[in-house]
2 protein chains.
Amino acid sequence: MSFKFETGLGAKHGMNLKELASKLGLSPTTVSRALNGYPEVNETTRERVMAAAKRHNYRPNTRAIRLATGRAMAVGHVIPIATRHEIVNPVFADFIAGAGETYSRNDYDMVLSVVPDDQEEDTYRGLKSKGNVDGVIVHAPRMNDARIGLLHEIGLPFVVHGRATGTTLPYSWLDVNNRRAFRRATEFLLDLGHRRIALVNGLEFMDFAIRRRAGYGEALAARDIALDPTIMSSDEMTEIAGYKAARRMLASATPPTAFLCASMISGMGMRRAIEERGLAMGRDISVIIHDDDLSYMKNGEDLPIFTATRSSVREAGRQAAEMLLDLIAHPGAGPQQRLLEAELIIGQSTAPAPKA
Amino acid sequence: MSFKFETGLGAKHGMNLKELASKLGLSPTTVSRALNGYPEVNETTRERVMAAAKRHNYRPNTRAIRLATGRAMAVGHVIPIATRHEIVNPVFADFIAGAGETYSRNDYDMVLSVVPDDQEEDTYRGLKSKGNVDGVIVHAPRMNDARIGLLHEIGLPFVVHGRATGTTLPYSWLDVNNRRAFRRATEFLLDLGHRRIALVNGLEFMDFAIRRRAGYGEALAARDIALDPTIMSSDEMTEIAGYKAARRMLASATPPTAFLCASMISGMGMRRAIEERGLAMGRDISVIIHDDDLSYMKNGEDLPIFTATRSSVREAGRQAAEMLLDLIAHPGAGPQQRLLEAELIIGQSTAPAPKA
DNA sequence: TGGCGCATCCAAAGCGGTTTGGGGTCGATT
DNA sequence: AATCGACCCCAAACCGCTTTGGATGCGCCA
């Protein structure tokens, strides 16, 4: 009954199709077609309808459209909150911003689900069977990521941001060429004369970290330098983790002269460790980071602070979203892949290896 | 016609209420009521229905529920992308994560709209009239923020994260006591003997920045110290901005001995400027930051890197979302407000003022 | 024994759009 | 003059659920 009241009062609830149609002396059918650009309506009628729609500020009810068409006009991003280490990936913000721009332009909604990681599978199944979204973006793929098989099984279109080593199923992804980027960065340090190059990597169950490590390994192998596990670490990409890894390695008997580091944030922690030790980054110790080009964490202005492999995660978001919308629009077409190359930006944090 | 195919094939499209009902030999009415816990259904029947629903993996179609009930079961977060300075606020990620936890628990969807800031008003109007959401969270309020009046006008429930000085309308908000936090921090520095205390603030059309400046001013005034505009800056809270502000101030004839800084990220830039000058933070120069307790940017572990005013933005997200859901559930009730106090955490970045 | 009330269940009318399957009109064709 | 297409438009079904307004049956009391 309170419902009756609301819809009764409802001057506020806005014009609907039926009202608009009767105001125009037309049928809802015709009005709907006129507004949606169908050909079987007279052009002058269409203009009359369009004008009236604007005048009365008519906006079709999304809920009704969704039910009638069977499309959600929305895509989902499932953000798992690790129950163990509660890290909110700092690149999410920029990726989401990029993807969101694409969605806005295409009149799609973006729905975010933040769920404990043990409920992730259930969330995907629900998203599909309850019909909340037409597709999803898969974040932070791991090796042999189970989500790919799952999404295949339930038949929900998806694009992976990154790749999942070990998966045989075909699927759509957009990734940065992490292997090549880290190989180039390592070669760059080698060319500067460095021989003890440390790798401060992300967590190695994350696919991107595996690829970065591979690129690093390739470059060293090509110069016949053996991997040294004592100067290779793998951890979350936080300031603290970068600090601790660098501090530990610098304290060793044979410290590295250069660092390769997975993110700008951990790079800042590394710098802290370096300076705490009375050394100078870019003189005593060289550092190369991977720069996601986060808007709140620009790597300097004219002169970059860090030498870096750079690839905009915001742009990745834009493009991944476009791929997904395309997949949704053309369900027949096969999976799409796109590999972005990172630039190598020379900044102030690298220098020739000190004479031994 | 391709539609026919899909729904024709659609073993996949899942069980719906009608099918389930006929399988049970019951009417849709009864099944609906059984599942939604209405009293006018026999307990044994209810159990039979529940069991069948689980067995057939029935999940009610969200789109239909939304249309039938008139509720969106979703809340919106509008994230304006400033056309001038394209900064994605780094605290969004954590705030969103916190809010998202609350939504997940309550079976609400979170829909994010990333829009150019000149389309913000239109976005809110659309969200309301198209019925996409039941309420919204307003981010990053400014002085005399126009959104508050707008949302009042269009009748969309909302909670502001922060406050908007100058607004006379009553509205719901959740904020940190920024004024008191910065006043305490300033007093702390004063007690350590500092007299030239710089303020590296956020952009001062942002409400929180105004309040922080007020707290800073109060503390100085209480000790009869005049404000000195040359050691007060106001800019985006990026690493670069912090660096530049600190560098400029340190280069002056009468540099500050202490800094009050709006964020951990700009604090890291300040540290860079300090060390670049051959000074040590926490010895030559004291620094206090505001710490939003971002998960990827922890302020040290046992021993905090920075002395800081701390307040978890993730927790703020959780609570703001709860307030909003409460507002939506009880449209009659008046606006709610909640003021969170920040802790003052003593870290390694502060020390007594050097003897002049 | 007739009637009342309670416990259960159902048919049908929404919700607000889209889409199907015609149905007039009218000028052109034969 | 009858036929035939365009061309425009409409009535009604439908999407999958909720909710209203009964209907049915049964125990129980006067």
Side-chain angles (χ1 to χ4, degrees), chain A residues 1-8 10 13-49 53 56 58-73 107 129-132 134, chain B residues 1-8 10 13-49 53 56 58-73 107 129-132 134:
Chain A
M1 49 201 79
S2 70
F3 284 101
K4 284 302 169 203
F5 263 97
E6 282 179 28
T7 54
H13 90 307
M15 175 91 7
N16 61 18
L17 185 64
K18 210 191 298 181
E19 284 183 61
L20 184 62
S22 81
K23 235 177 249 290
L24 281 162
L26 288 170
S27 75
T29 309
T30 303
V31 175
S32 171
R33 284 179 163 154
L35 293 173
N36 291 312
Y38 283 81
E40 52 274 79
V41 44
N42 190 305
E43 270 315 311
T44 65
T45 307
R46 187 193 306 282
E47 277 158 29
R48 205 159 62 87
V49 171
H56 294 97
Y58 167 70
R59 315 222 201 184
N61 184 304
T62 306
R63 297 189 291 256
I65 295 181
R66 295 206 227 262
L67 180 58
T69 61
R71 288 173 303 163
M73 295 303 287
D107 276 311
S129 57
K130 296 191 296 182
N132 294 29
D134 296 321
Chain B
M1 46 201 80
S2 69
F3 284 100
K4 282 302 169 204
F5 263 96
E6 281 178 31
T7 55
H13 91 309
M15 176 91 6
N16 61 19
L17 185 64
K18 209 192 297 180
E19 283 183 61
L20 185 62
S22 81
K23 236 177 248 290
L24 281 162
L26 288 171
S27 76
T29 309
T30 302
V31 175
S32 171
R33 284 180 163 154
L35 293 173
N36 291 311
Y38 283 80
E40 52 274 78
V41 43
N42 189 307
E43 270 317 309
T44 66
T45 306
R46 187 194 307 281
E47 277 158 28
R48 204 160 62 88
V49 171
H56 294 97
Y58 167 69
R59 316 224 200 182
N61 184 303
T62 306
R63 297 190 291 255
I65 295 182
R66 295 205 225 263
L67 181 58
T69 61
R71 288 173 304 163
M73 296 303 285
D107 276 312
S129 56
K130 296 192 295 184
N132 294 28
D134 296 321

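Numbers restart at 1 for each chain; the letters A, B, ... are given by sequence-line order, proteins then strands. If you're wondering where the values come from, they're calculated on a predicted model, not measured in any experiment.
The nearest whole Å value for the distance from the NZ atom in A:K130 to the P atom in D:dC17 is 13 Å. Across the protein-nucleic acid pair, B:L67 atom CG and C:dG14 atom C1' stand 9 Å apart, rounded to whole Å. Rounded to an integer number of Å, the gap from CG of A:L20 to P of C:dG17 is 9 Å. Residue A:M73 contributes atom CE, which lies 11 Å from atom P of C:dT18 at whole-angstrom precision. Summarising the geometry, the separation between CG on B:N61 and P on C:dC15 is reported as 19 Å, rounded to the nearest angstrom. Rounded to whole Å, the distance from CZ on B:R63 to P on D:dT18 is 15 Å. The CZ atom of A:R71 sits 20 Å away from the P atom of C:dG16 (whole-angstrom rounding). As a whole-Å value, the separation of A:R59 CZ from C:dG17 P is 13 Å.
Contact annotation: A:Y58 side-chain N/O to C:dG17 OP1/OP2 distance is under 4.0 Å. Between C:dT18 and A:T69, no contact under 4.0 Å exists linking OP1 or OP2 to a side-chain N or O.
Going from atom CZ of B:R48 over to atom OG1 of B:T30 covers 10.0 Å, rounded to the nearest 0.5 Å. Summarising the geometry, atom CG belonging to B:N132 is positioned 10.0 Å from atom CZ belonging to A:R59; distances are rounded to the nearest 0.5 Å.
Minimum interatomic distance between B:P39 and B:R46 (heavy atoms only, all atoms of both residues): CA-NH2, 4.2 Å. A:D107 approaches A:M73 most closely through the heavy-atom pair O-CE, 3.7 Å. Looking at every heavy atom in both residues, B:Y58 comes nearest to B:L35 through CE2-CD1, 3.6 Å. Contact detail for B:N42 and B:T44: the closest heavy-atom pair is OD1-N, 2.8 Å.
With D:dT18, C:dG16, C:dG17 as the choices, the nucleotide that has an atom nearest any side-chain atom of A:L17 turns out to be C:dG17. If you check C:dT18, C:dG16, D:dG16 against the side chain of A:I65, the one that comes closest is C:dT18.
Within residues 34-44 of chain A, the residues having any heavy atom under 4.0 Å from DNA chain C are, by residue number, A:N36, A:Y38.
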Polar pairs (N or O, both sides) under 3.5 Å between protein and nucleotides 10-12 of chain D?
from, atom 1, to, atom 2, distance (Å)
D:dC10, OP2, A:S27, N, 2.9
D:dC10, OP2, A:S27, OG, 3.1
D:dC10, OP2, A:T30, OG1, 2.7
D:dC10, N4, A:R33, NH1, 2.5
D:dA11, N7, A:T29, OG1, 3.4
D:dA11, N6, A:T29, OG1, 2.6
D:dA12, N6, A:T29, OG1, 3.3

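Both B:R46 and B:A68 lie close to DNA chain C; mapped to their nearest nucleotides by heavy-atom distance, the more 5′-ward contact belongs to B:R46.
At least one side-chain heavy atom of B:M15 sits under 4.5 Å from a side-chain heavy atom of B:K23. Residues B:N16 and B:N61 have side chains not in contact (no heavy-atom distance under 4.5 Å, counting atoms from C-beta outward).
Remark: the backbone N or O of A:P28 is not paired with any side-chain donor or acceptor of A:S32 at under 3.5 angstrom.
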